[in-house]
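Notes follow once the structure below has been shown.
Here is how names work: the chains are called A, B, and so on, in the same order as the sequence lines, proteins then strands, and each is numbered from 1. On a predicted model such as this, the values are computed, not experimentally measured, just so you know.
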Amino acid sequence: MKELPKVYQPKKVESPIYNLWLRSGFFNPDKLPGKRKKSYTILIPPPNITGSLHMGHALNSLSQDILIRWKRLQGFKTLWLPGTDHAGIATQVRVEKELKKEQKTRFDLGRKKFLKRIWQWKKKYGNIILDQLKKLGVSCDWSRTRFTMDDKYCQAVEKAFLHYCKKGWIYRGKKVVNWCPRCQTSLSDLELEYKEKKGKLWYIRYLFSDKRQATSDKKRKYITVATTRPETMLGDTAVAVNPKDKRYKNLIGKKVILPLVNREIPIIADKLVDPKFGTGAVKITPAHDMTDYEIGLLHNLKIVQVINKNGEMTKEVPLPYQGLFSLESRKKIVRDLKKQGFLEKIEGYLHQVPQCYRCKTTIELIPSWQWFLKMNDLAKLAIWAIETGKVKFVPKNFEKIYFDWLKNIKDWCISRQIWWGHKIPLKGVEDVLDTWFSSALWPFATLGWPPPSSKKEASLALKGRAQKSDLDRFYPSNVLSTDRGIINLWVTRMIFSGIEFMGKVPFKNVYIHATVLTKEGKRMSKSLGTGIDPINLIEKYGADATRFGIVYQIMGGQDIRFVEDNIVMGRKFCNKIWNASRFVLGRIGNFKFQISNFKLDSKNLTLADKKILNALNKTVKLVNKDLESFRFGQAAHKLYDFFWHDFCDKYIEMAKSQITNSKSQKKTKKILLYVLLNSLKLLHPFVPFITEEIYQRLLIKNKKKCLMVEKWPNAI
RNA sequence: GGGCACUUGGCGCAGUGGCUAGCGCGUCGCGCUUACAUCGCGAAGGUCGGGGGUUCAAAUCCCUCAGUGCCCACCA
């Protein structure tokens with residue numbers, strides 16, 4: 001045996017070990033050794049093809065890798081399926097940025113050339129994250145890598161869409177929708193981000209059209225409305241007050257003249273109006289506000305669109321304002337109102353301004369023709385899944401977010417006017433589907449749904465594989481591990497899609513991992529310069545140290561304040577594992593023990609022997625328990641304490657003297673090797689490289705090709 | 001505006017009714033003892049955010065206040 005270096009050198013180990021795993025084929029469930037009847041499946045949340053690895057991915061992938069490696073050791077037929085998401089708007093925006101460097105827009109290229117450009121981009125950069133994940137040591141079955149725009153996946157999307165059509169759940173309608181003037185597309189509510197901005201509240205007077213109408217209060221010649229967006233007043237078709245508001249009760253039904261436009265509009269009553277806000281009287285612009293739109297529908301108001309899809313004022317407005325961008329026209333309108341005496345006052349106002357979640361442009365609300373998916377029945381399915389416990393959230397409190405959204409559900413606007421995505425499979429429609437429509441099918445579209453329609457096709461599809469299809473064998477998956485930010489955007493939609501198309505929920509557990517913040521508690525973000533690149537950590541400390549350091553911090557909280565100190569700890573721990581192994585290997589020499597049959601009879605055991613064997617047993621039980629309930633950090637702490645303090649500090653020290661005694665020598669060696677081997681197994685899901693490297697150097701009988709497929713220790 | 005969470009030694013965190021509140025990093029002192037100085041041994045350091053309550057007993061349960069992070073929301 002070669003002498004081991006005193007210090008563990010991850011760089012020399014990681015790449016050869018990863019190649020060993022790849023060559024073994026054991027990432028692929030069909031190539032795993034032994035009889036493995038039960039499957040254990042995880043589908044990776046497909047990263048966007050625009051992305052590169054950040055701490056969130058690292059954290060999430062680690063939880064999944066730990067689970068998969070643990071279950072693989074426990075003898076399950078494990079599948080961890082990787083893949084990427086075409087990420088409609090995100091990718092399109094990314095490539096548009098590239099084009100901008102050449103002073104071009106997508107419209108300059110035209111749809112066909114632009115799409116070609118995106119495919120090129122995808123080919124070049126589409127798998128960056130997956131490649132980076134390999135450095136972390138993840139054990140995905142790369143032979144099953146999927147992309148949400150693979151041919152087969154496109155079929156699934158089309159089939160799902162047509163299925164909804166047949167049910168009559170898809171309809172086209174002209175509604176006020178969120179519109180991104182830069183992306184030139186509609187967006188669902190979930191695709192908005194709100195940013196707090198300092199704005200103003202303008203108080204504007206609308207004069208009564210017949211001054212004598214206000215007879216009860218002779219001084220009252222006008223009604224004042226407050227607005228944060230004065231430019232939309234050009235599209236006002238009513239003023240609304242709360243029916244219970246005494247101040248305005250006698251004005252309901254009267255008419256006012258819209259300043260600058262000179263249109264006569266009615267004063268109406270609607271309970272949606274909050275009497276406490278502003279003056280209690282609100283201008284109603286059905287074309288450019290959700291609430292106003294709803295009020296407009298109820299009161300049969302005319303919809304006057306004054307802002308177009310580029311964010312410019314339309315021909316519906318008086319000539320001086322036509323063609324101006326909305327913010328320019330705002331300035332001019334305020335100036336004109338002031339000049340003409342309609343502006344009562346201006347107040348400062350802090351409000352949440354919606355912006356596009358991909359390009360951060362301020363959203364306009366604009367009436368347009370879109371496709372919608374009726375959500376009533378689907379929402380009920382999703383609610384049912386959680387209420388009956390078919391799907392469980394960990395931590396449980398996230399179910400609230402889920403229910404809150406579902407119980408106030410609106411129909412889902414599924415059409416987008418971007419180019420990159422799944423085209424709506426109907427004639428004459430250029431729109432593509434919301435990227436989340438396709439992600440919603442991920443749990444089964446990746447496994448071969450829709451199933452082949454003929455037997456011939458079926459046998460073709462199964463060529464070279466086991467008899468049963470992946471869909472039969474691996475659906476539903478066991479765990480979905482994801483970020484809390486996409487619970488409704490993605491998780492909810494997978495759940496109802498799974499039930500609708502497969503008749504079964506897509507996964508049993510939804511594990512919501514912690515969000516990684518900086519040490520100061522700020523969000524990690526590249527643009528803020530607060531991001532930490534896991535790849536740098538791997539370079540500096542090694543993959544195992546990084547893994548252990550991160551996992552050590554996953555204690556179940558919603559947030560993790562990341563500190564590099566823990567990675568330092570991880571590195572020290574790896575070194576400890578390395579040296580303890582060096583000691584054991586050195587003392588045992590070339591003797592090959594039969595470890596698998598090693599029985600622990602209590603005769604001939606010293607107190608130290610008993611203690612370490614008991615501690616090992618206890619650790620096995622506790623680690624199992626922790627992992628079953630996704631308590632990754634707690635498991636890591638227990639392993640750390642056991643290995644360092646029980647094994648190294650105590651037992652190895654005792655063993656040094658026991659081993660000099662000819663009576664206890666052999667047993668001590670056996671126990672050293674036994675505890676080391678089992679420790680390696682227990683630690684493997686957390687620190688796979690170093691444990692595999694050491695395993696490869698062990699002299700034991702019945703040695704497996706890889707530690708990765710060894711047998712997880714049973715607690716005695 | 002509503003909701004979810006968090007607040008424990010210098011820093012990051014465990015601990016969810018009961019021994020003198022633990023761990024990692026850091027700090028200080030002593031040790032290169034033949035697995036490891038990325039180590040060992042020892043030490044200092046906390047009235048568990050403030051206030052109130054329940055209990056024989058609270059970091060741990062309840063109320064309240066404050067700070068922090070996040071999510072949701074049609075106050076124009």
Side-chain angles (χ1 to χ4, degrees), chain A residues 4-8 176 189-190 192-194 199 201-202 225-230 232-233 236 239-240 242 270 272-285 288-295 349 351-352 354 365 395-405 408 410 484-485 487-488 514-515 517-523 541-542 545 548-549 552-587 631 633-634 636-638 640-641 644-645 647-649 652-653 655-656 672 676:
Chain A
L4 295 177
K6 267 189 167 183
V7 172
Y8 174 57
V176 172
D189 291 345
L190 293 176
L192 308 181
E193 273 174 10
Y194 287 87
L201 204 51
W202 285 271
V225 298
T227 180
T228 55
R229 300 195 60 196
T232 61
M233 67 160 291
D236 286 2
V239 169
N242 191 293
D270 196 292
L272 286 177
V273 177
D274 178 1
K276 283 181 223 120
F277 187 87
T279 60
V282 55
K283 58 189 269 318
I284 299 296
T285 325
H288 300 292
D289 184 280
M290 285 298 180
T291 313
D292 292 6
Y293 176 72
E294 277 166 36
I295 292 177
Y349 186 63
H351 62 150
Q352 306 286 324
L365 288 149
K396 195 171 166 46
N397 54 288
F398 285 110
E399 289 176 5
K400 194 170 164 27
I401 293 175
Y402 178 91
F403 284 130
D404 284 351
W405 186 66
N408 296 298
K410 286 193 276 183
R484 63 175 183 248
I487 288 175
N488 291 319
T515 302
L517 306 175
T518 65
K519 192 181 173 184
E520 289 74 30
K522 296 276 185 289
R523 196 194 192 101
Y541 300 102
F548 201 81
Y552 198 80
Q553 295 183 70
I554 310 180
M555 300 301 286
Q558 282 194 4
D559 298 327
I560 289 176
R561 295 194 180 198
F562 180 81
V563 281
E564 203 164 310
D565 297 350
N566 283 292
I567 313 293
V568 172
M569 177 278 301
R571 184 181 56 174
K572 288 184 177 181
F573 186 49
C574 288
N575 206 50
K576 195 72 181 175
I577 297 171
W578 185 253
N579 279 296
S581 306
R582 236 160 50 91
F583 171 82
V584 175
L585 289 172
R587 292 306 160 102
R631 293 157 52 93
Q634 283 83 350
H637 278 78
K638 275 160 200 155
Y640 180 95
D641 290 340
W644 199 303
H645 302 304
F647 188 48
C648 295
D649 290 351
I652 286 185
E653 291 310 315
K656 283 175 183 171
L672 278 172
L676 176 65

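Within the 4.0 angstrom heavy-atom criterion, no nucleotide atom of any strand lies near A:C574. Note on A:N397: only backbone sugar-phosphate atoms sit closer than 4.0 angstrom, heavy atoms only; bases stay farther off. In this structure, A:K276 reaches neither bases nor backbone, as no heavy-atom distance under 4.0 Å exists between it and the strands shown. A:R561 comes within contact range of the sugar-phosphate backbone alone, with a heavy-atom separation under 4.0 Å but no base atom that close. At a threshold of 4.0 angstrom between heavy atoms, the contacts of A:E653 include nucleobase atoms, whether or not backbone atoms are also involved. Within 4.0 Å (heavy atoms only), A:R484 reaches sugar-phosphate atoms of the nucleic acid but no base atom. Using a 4.0 Å heavy-atom distance criterion, A:L201 is classed as making no nucleic acid contact. Nucleic acid contact for A:K6: sugar-phosphate only, since backbone atoms but no base atoms lie under 4.0 Å from a heavy atom of the residue. At the heavy-atom level, A:D641 lies nowhere under 4.0 Å from the strands shown. Base engagement by A:V282 is indicated by at least one non-hydrogen atom pair under 4.0 Å involving a base atom. Across all strands shown, A:Y640 has heavy atoms under 4.0 Å from sugar-phosphate atoms exclusively, and none from any base. Contacts of A:Q352 with the nucleic acid, taken as non-hydrogen atoms under 4.0 Å apart, include base atoms. Residue contacts shown for A:F573 are absent, as no nucleic acid heavy atom lies under 4.0 Å away. Counting non-hydrogen atoms under 4.0 angstrom, A:V273 reaches a base of the nucleic acid.
For the pair A:D404 and A:N488, both in contact range of RNA chain B, the more 5′-proximal nearest nucleotide belongs to A:D404. Along RNA chain B, the nucleotide closest to A:R587 and the one closest to A:K400 are compared, and the more 5′ of them pairs with A:K400.
The listed nucleotides are B:A76, B:C71, B:G69; the one nearest the side chain of A:I401 is B:C71. With distances taken from any side-chain atom of A:L272 to the nucleotides B:A76, B:C74, B:C23, the minimum falls on B:C74. Considering only side-chain atoms of A:D559, the nucleotide from B:A35, B:C11, B:G69 that sits closest is B:G69. In this structure, of B:C75, B:G40, B:C25, it is B:G40 that holds the atom nearest to the side chain of A:D649. Closest to the A:M555 side chain, of the nucleotides B:G69, B:U38, B:A14, is B:A14.
The closest side-chain heavy-atom distance from A:V7 to A:W578 is not below 4.5 Å. Here the side chains of A:W202 and A:M233 are not in contact, with every heavy-atom distance at 4.5 Å or above.
B:C30 and B:A44 have their C1' atoms separated by 15 Å, given to the nearest Å. With both ends at atom C1', the span from B:C63 to B:C28 equals 44 Å, rounded to whole Å. Straight-line distance between the C1' atoms of B:G52 and B:G10: roughly 31 Å, to the nearest whole Å. Between the C1' atoms of B:C74 and B:A66, the separation comes to 32 Å (whole Å). Taking atom P on both B:A5 and B:U64, the two are 15 Å apart, rounded to the nearest angstrom. B:C65 and B:G1 are spaced 13 Å apart, taking the P atom of each and rounding to whole Å. Across B:U33 and B:C41, the matching P atoms stand 15 Å from one another, rounded to whole Å. Annotation: B:G24 and B:G69 have their C1' atoms spaced 23 Å apart (nearest Å).
For the atom pair A:E294 CD and A:D270 CG, the distance stands at 9.5 Å (nearest 0.5 Å). Taking CG of A:D189 as the start and CH2 of A:W405 as the end, the distance is 9.0 Å to the nearest 0.5 Å. Rounded to the nearest 0.5 angstrom, A:R571 CZ and A:Y8 OH are separated by 13.0 Å. Distance CG/A:L672 to NZ/A:K656: 11.0 Å, rounded to 0.5 Å. Atom CG of A:D292 is separated from atom CG of A:L272 by 9.5 Å, given to the nearest 0.5 angstrom.
Contact between the side-chain N/O atoms of A:W644 and the OP1/OP2 oxygens of B:U38 is not found at any separation under 4.0 Å. OP1 or OP2 of B:G26 sits under 4.0 Å from a side-chain N or O of A:K572.
Using Watson-Crick or G-U wobble geometry with both donor-acceptor distances under 3.5 Å, B:U55 finds no partner in any strand shown. Using the Watson-Crick or G-U wobble rule with both distances under 3.5 Å, B:U16 pairs with nothing in any strand shown. The base-pairing partner of B:U33, taking Watson-Crick or G-U wobble contacts with both distances under 3.5 Å, does not exist among the strands shown. Taking a pair to require two hydrogen-bonding distances under 3.5 Å in either a Watson-Crick or a G-U wobble arrangement, B:U27 pairs with B:A43. Using Watson-Crick or G-U wobble geometry with both donor-acceptor distances under 3.5 Å, B:U60 finds no partner in any strand shown. For B:G67, the paired base is B:C6 (Watson-Crick or G-U wobble, both distances below 3.5 Å).
No side-chain donor-acceptor contact under 3.5 Å links A:Q558 to the backbone of A:T515.
As a whole-Å value, the separation of A:I577 CD1 from B:C39 P is 13 Å. Taking atom NZ of residue A:K638 and atom P of nucleotide B:G22, one finds them 18 Å apart after rounding to whole Å. Between the P atom of B:U38 and the CD1 atom of A:I567 lies a distance of 19 Å, rounded to the nearest Å.
The base of B:C36 sits within donor-acceptor range of the side chain of A:K576, with an N or O pair under 3.5 Å. Counting atom types as modelled, A:Q553 pairs no side-chain N or O with a base atom of B:A14 as donor and acceptor under 3.5 Å.
The aromatic rings of A:F573 and A:Y640 sit tilted relative to each other, their planes meeting at an angle between 30° and 60°.
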